There are 2 protein chains.
Amino acid sequence: MSERTPAEASRDIPEATVARLPLYLRALTALADAGTARCSSEDLAAAAGVTSSKLRKDLSYLGSYGTRGVGYEVEFLRHQIAREIGQTQDHHVVIVGIGNLGQALASFSGFRSRGFRVVALLDAAPARQGDEVAGLVVRPFEDLAAVVAEHRVTIAVVATPAHAAQDVADALVAAGVRNILNFAPTVLSVPDDVDVRKVDLSIELQILAYHEQRKASAEVEEPDMERGLA
Amino acid sequence: MSERTPAEASRDIPEATVARLPLYLRALTALADAGTARCSSEDLAAAAGVTSSKLRKDLSYLGSYGTRGVGYEVEFLRHQIAREIGQTQDHHVVIVGIGNLGQALASFSGFRSRGFRVVALLDAAPARQGDEVAGLVVRPFEDLAAVVAEHRVTIAVVATPAHAAQDVADALVAAGVRNILNFAPTVLSVPDDVDVRKVDLSIELQILAYHEQRKASAEVEEPDMERGLA
DNA sequence: TAGATTGTTAATCGATTAACAATC
DNA sequence: TAGATTGTTAATCGATTAACAATC
């Protein structure tokens, strides 16, 4: 491992913390919008839905941006976190697979407001090409390399059927895209330097179903909490 | 804690394992479809995208369903996992908020094939009520309690704007729904016996953006991997 | 100063991993 | 039996939590 200059040191931040930083950013934005200038770790933790202990531990990886006995300046902390997670610059996104889900993602306003610009929609089906979705024309999948190069795409969203996803991923990697958000219910093989995050809707429901089953059977066994061990 | 009968013992399975069981189930289904009758932990792990060590550890929480020196019977193991996660029965789902995302979720075929039946679509906006989406008519949100009772709904999907999500969650809890999949970018407060899983599309992109930023700056610092420490 | 709240420490907990004895 | 592969153990790693010294 080579050393880093102190400026961009940003010592290794644990993955669990990285995953929560956007949550804090959102809570801070809400506080700022509400006109709050300063908050305690307790306030911010409540707004983000975590414990204050966890929040302070997370923030400690970024630096020392609060004031003991006082709290955090909302706008200042917001800016520090935004910088840390690269929110200060725009990211160009391509969506591949413009079915129901792809269309919904293309229309999703939450991306734009967080610095993500959807620059192209691609689909392999000629029937969909030429359609206009969310102000963009659906282009042939073959345009991928050109689109990536032209718009400096850094993130791709895969919303194709499972059987097409690996081929799409291979093409994305070949085109130089190293960050993929995968909605296709399949495992993608990619080189080590490519990050894949997976959103699997069925699996989320299956996890809930597992918990529901346990709750239901617990109720049958203990119809009355007062009963004790009889 | 009360004791459980051995039959439904299902000793506490770690959450991380629960989250992977659907992955194994999917991999086993694919193997069965391909006509494979038996597989090793190595085979199955590869198909599910995990290490064989992790797979065996996970399966050990369910019981001892393999044969040393031989491997696992695909169909038998598939059935055991399906039973464990409650896949053997249907779950009734209501979707609240029928915008772009809600429509896409309503049309998503992956739910149905895994035992999830979307029984109703609800939206507070009169303009959407009466629309037909994926073969269902969009009903007023006020119908919630009636729908839950009538169809024995156990899982709700919230796809409303953030500002409406907490009110929707409160109504769901009041109606007796104890499992919520939340797509609204907001923290939901619910009682302890209610499970909420969150899918946050912007946050997924933000996490990727963080990693992208680190990759990009690493390249600037080390333009040539061969250069060494100079 | 006294009261408040951060940043950090140390303990605990849960998840992952590698190795191998059990056993087909 | 010899070879293969599971199921389990023990070590390691990473994340969470509670407590409190530092300090505004």
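Worth saying up front: this structure is predicted, and the values here are computed from it rather than measured. Just so we're on the same page: letters track the sequence lines, and every chain starts at 1.
In summary, Asp192(B) and Arg178(B) do not engage in a salt bridge, as defined by a charged side-chain N under 4.0 Å from a carboxylate O. Asp195(B) and Lys215(A) are joined by a salt bridge, as a carboxylate oxygen and a charged side-chain nitrogen come within less than 4.0 angstrom of each other.
Going from atom CD of Glu42(A) over to atom C1' of dT5(C) covers 10 Å, rounded to whole Å. Regarding Leu55(A), its CG atom lies at a distance of 15 Å from the P atom of dA18(D), rounded to whole Å. The nearest whole Å value for the distance from the NZ atom in Lys57(B) to the P atom in dT16(C) is 11 Å. Glu73(A) places its CD atom 14 Å from the P atom of dT5(C), with the value rounded to the nearest Å. Distance, Lys54(A) NZ to dT12(C) C1': 14 Å, rounded to whole Å. Look at CG on Leu77(A): it is 12 Å from C1' on dT6(C), rounded to the nearest Å. In this structure, CG of Asp12(A) is placed 10 Å from P of dG14(D), rounded to the nearest angstrom. Taking atom OH of residue Tyr72(A) and atom P of nucleotide dT23(D), one finds them 15 Å apart after rounding to whole Å.
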Item checked: Trace of the salt bridge (Lys or Arg N to Asp or Glu O under 4.0 Å) decision for Arg26(A) with Asp200(B) -> CA-CA 12 Å; Arg26(A) 183 180 288 161; Asp200(B) 201 311; 2.6 Å; yes
Note to self: Show, in sequence, the C-alpha distance, side-chain angles and deciding distance for Tyr65(A) and Phe76(A), and conclude whether the ring pair (Phe, Tyr, Trp, His ring centres under 6.0 Å) test is met.
What the structure shows: CA-CA 8 Å; Tyr65(A) 296 136; Phe76(A) 176 71; 5.7 Å; yes
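The base of dG7(C) sits with one of its N or O atoms less than 3.5 Å from a complementary donor or acceptor on the side chain of Arg56(A). The base of dT6(C) lies close enough to the side chain of Arg68(A) for a donor and an acceptor atom to sit less than 3.5 Å apart.
Among the heavy atoms of the strands lying under 4.0 Å from Ser53(A) is at least one base atom, whether or not backbone atoms are also near. Using a 4.0 Å heavy-atom distance criterion, Glu15(B) is classed as a sugar-phosphate-only contact. Here Arg20(B) lies in heavy-atom contact (under 4.0 Å) with sugar-phosphate atoms only.
For the pair Tyr61(A) and dA15(D), the criterion of a side-chain N or O lying under 4.0 Å from OP1 or OP2 is not met. For the OP1/OP2 pair of dT5(D) and a distance below 4.0 Å, the side-chain nitrogens and oxygens of Tyr65(B) include no atom meeting the criterion. For the OP1/OP2 pair of dT6(D) and a distance below 4.0 Å, the side-chain nitrogens and oxygens of Thr67(B) include no atom meeting the criterion. The phosphate of dT5(C) has neither OP1 nor OP2 within less than 4.0 Å of any side-chain N or O from Ser40(A).
With distances taken from any side-chain atom of Pro14(B) to the nucleotides dT9(D), dA15(C), dT8(C), the minimum falls on dA15(C). Side-chain proximity of Ala16(B) to dT8(D), dT17(C), dA15(C): nearest is dA15(C).
Side chain to side chain, His79(A) and Glu73(A) fail the donor-acceptor criterion of an N or O pair below 3.5 Å.
Nucleotide dA19(C) has dT8(D) as its partner under the Watson-Crick or G-U criteria, with both atom distances under 3.5 Å. Summarising the base pairing, dC24(D) is matched to dG3(C) through a Watson-Crick or G-U wobble pair whose two defining distances lie under 3.5 Å.
Both Val70(A) and Gly69(B) lie near DNA chain D, and the one whose nearest nucleotide falls closer to the 5' end is Gly69(B).
Annotation: side chain of Leu208(A) is not in contact with side chain of Val196(B) (no heavy-atom distance under 4.5 Å).
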